[in-house]
Amino acid sequence: MAVPEITGSETTANAPSSTSSAGTAWAGTADGAPEGTSVSLRSLVRAFGATRALDEMSLEIGPGELVALLGPSGCGKTTALRIVAGFEFADSGEVLIDGRDVSGVAANKRDMGMVFQSYSLFPNMNALDNVAFGLRMRKVATAGRRKRAAELLDMVGLAPQAAQFPHQLSGGQQQRVALARALAIEPRVLLLDEPLSALDAKVRLQLREQIRTLQQRLGTTTLFVTHDQEEALSMSDRVGVMRSGKLEQVATPDELYSRPATAFVAEFVGTMNRLPGDLGSGGATVTVIGATVPCQPGGPADGQVDALVRPENLTVTPSADGNGIVTVRTFLGAVTRLTVRLSGDTEVVVDVATTAAAEVTPGTAVQVGLPPAPVLVAARAG
Amino acid sequence: MAAIATKPVTAPAARPRRRGSFPVWRWVIMLIAAVYFLLPLYAALRFAGLHAFGSVFTQAGFGSSLWLSVKLAAVTWAITMLLMVPTTVYVHLRLPGLRRLLETITILPIVIPPVVLIVGVLQVMPLALRSSVWLLAIEYVVLTMPFAYRALDAGLRSIDVKTLTEASGSLGAGWFTTLWRVLLPNMRTALLSSTILIVALVLGEFTMASLDLQQTFPVWIVLFDQENAQISVSASIFALVVTWLFLMLITVVATRQSRRSGGGEVTLFSAAPRETIGN
């Protein structure tokens, strides 16, 4: 695999493939990138005592695709990644790499590069030797592995730090060396276990762009575990949202955000308002804050429900006899977030363009409205 | 426009160094400790007289007993390391729940009398080894186990064994390579500490050697004491100096190796912490 030259300052467009859809389809690699490896997780089950960390989890990852597993702590995402890496074994189910079952193959025989959450560089080796370690294990001659390791360090913008030891590098630099080390062995699959979570916000942003750029250029199939939705949405071709050992939805970032399949996904990804509503006959429509709108399919057909609406999907208009009063106004740059207390003590947040929000100050009476687009409906929360 | 007066910026005055920042009571404690350790040495030196040192090396049994003690220390060290390093690493990685149990087991040799240990070891040893001098090395392995285990355990706690092992494995390294190239180099201080403890214990052990009827260096010193007390005391001081020099040599070599890989000074039981940069 040729090593493309990428500088640390280079940025990438993180737009996900518009052709991807939930379930099994995948996005291709960047133009000219070599084809990667496909990964299939089939009906994985893993229990720790009475707790089922993975519960019949299945996922297909296409060649060259970057898929993120997103979910709260304890949802099973790291267990899934560790099973793919070979550090854990499933109680049942299969892990297929390019169609071959590797469930019984030891971690050191799987050809997978991994970047860990905690700094995992070998403290007794300098950056160059760390990157060259995997090549040494593959019996690459000294000159060859040093040259390759130097190229990889150059690729992550750390050529001048080649002779430095891990304790002489910053956290961000250590993770870049760890990335170079994982890529040096030309892994069939790159596994990223929350590699950015220990870094500060600015470094995290730079590094996630760098990881995405490298991944796209090299076309390495990548499984990325994170609990940070911003990271998942900005870096991935597709995102799998996990809950209690199961995948709730696997979809492109825009689909996940705009058409969440379940109430959990809707509320876990982005900000979501819960508005009490009354279902129409058969559950086809719901009446919320005076507006009757169609329901997205899959919701309850009867009973007490809430409509789930994003802040940007609500409208707000100053009106002396409106249905709410602005209580908080938060400037977020291009948009301003208004917290509005509706009659019945329901609070909603509404995002409006900052240019249009000048006249809406706390205490202003407003009319909150809902455009006639289909909304997700869920059983009313406790 | 109104003029803006700028105030000359003065550097904050350097804080005057506090005189006597090393309080008197610390000097007193140090003095008491020094007297406690050095006075017996001085008394021994006075008793033996300098002339006795010259005669120590020519006494019958001196060379052979010292050489036996050194050989026993080396063999004990090798067996202890071969047993304890993989065991401790394995327990840390795979059976962390058993750490407490292992701690309890390894403390037994401290509380069980040496004669009981000897009888226990004799029971399980093959016949050929029972009359051998190397039986003593096996007994010393049991004796040094608590100290070696604690030193190694502390060393492993100071590094992220799990992540380093997994990182090494993901790069294609097997179990032995991971141990040899990744874990052991990062346990340098722990290995040094356990080495020092083993060597010091073996070079100074008397009871087991005496019960096994082996003339190690401490046994020779006691026996020779009945013949010539002055030379015997000189030999004791010599043993102390040799042990101290040996320990210093180990720390100097370890520090040199540590500095070569960017680490700090290695002292007997701790390495200077590596300062890490922020994010």
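Numbers restart at 1 for each chain; the letters A, B, ... are given by sequence-line order, proteins then strands. Everything quoted here is computed from the prediction, not taken from an experiment. Scope of the values below: all heavy atoms of this structure, side chains included, with no hydrogens, waters or symmetry mates.
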Quiz item: What part of Leu135(A) is in contact with chain B, defined as an atom under 4.5 angstrom from a non-hydrogen atom: side chain, backbone, both or neither?
Solution: neither
Quiz prompt | Atom group of Arg181(A) that falls short of 4.5 Å from chain B, counting heavy atoms | solution = both
So which heavy atom on [X] is nearest to which on [Y], and how close?
{"X": "Asn124(A)", "Y": "Pro185(B)", "result": "ND2-CB, 3.3 Å"}
{"X": "Phe87(A)", "Y": "Glu166(B)", "result": "CZ-O, 3.2 Å"}
{"X": "Met125(A)", "Y": "Val182(B)", "result": "CE-CG2, 4.5 Å"}
{"X": "Ser170(B)", "Y": "Ile185(A)", "result": "O-CD1, 3.9 Å"}
{"X": "Leu164(B)", "Y": "Phe122(A)", "result": "O-CE2, 3.7 Å"}

Quiz prompt | Residues of residues 74-85 of chain A within contact distance of chain B, non-hydrogen under 4.5 Å | solution = Arg82(A)
Exercise. Residue by residue, scan residues 104-113 of chain A and write down, ordered by number, those that have a heavy-atom distance under 4.5 Å to chain B; if none do, write 'none'.
Key: Ala107(A), Asn108(A), Met112(A)
Exercise. Below 4.5 Å from any heavy atom of chain A, which atoms of Thr177(B) appear? Answer side chain, backbone, both or neither.
Key: side chain
Quiz item: Which bit of Ser168(B) is near chain A, if near means a heavy-atom gap under 4.5 Å: side chain, backbone, both or neither?
Solution: both
Quiz item: Are more than 12 heavy atoms from other residues, nucleotides or ligands located less than 6.0 Å from atom CD of Glu230(A)?
Solution: no
Exercise. Give a yes or no on this: more than 12 heavy atoms of other residues, nucleotides or ligands lie within 6.0 Å of atom CZ of Arg146(A).
Key: no
Quiz item: Rounded to the nearest 0.5 Å, how far apart are CG of Leu171(B) and CZ of Arg136(A)?
Solution: 13.0 Å
Self-check item: Most contacts with chain B, counted as non-hydrogen pairs under 4.5 angstrom, among Ala184(A), Gly86(A), Ser120(A)
Solution: Ser120(A)
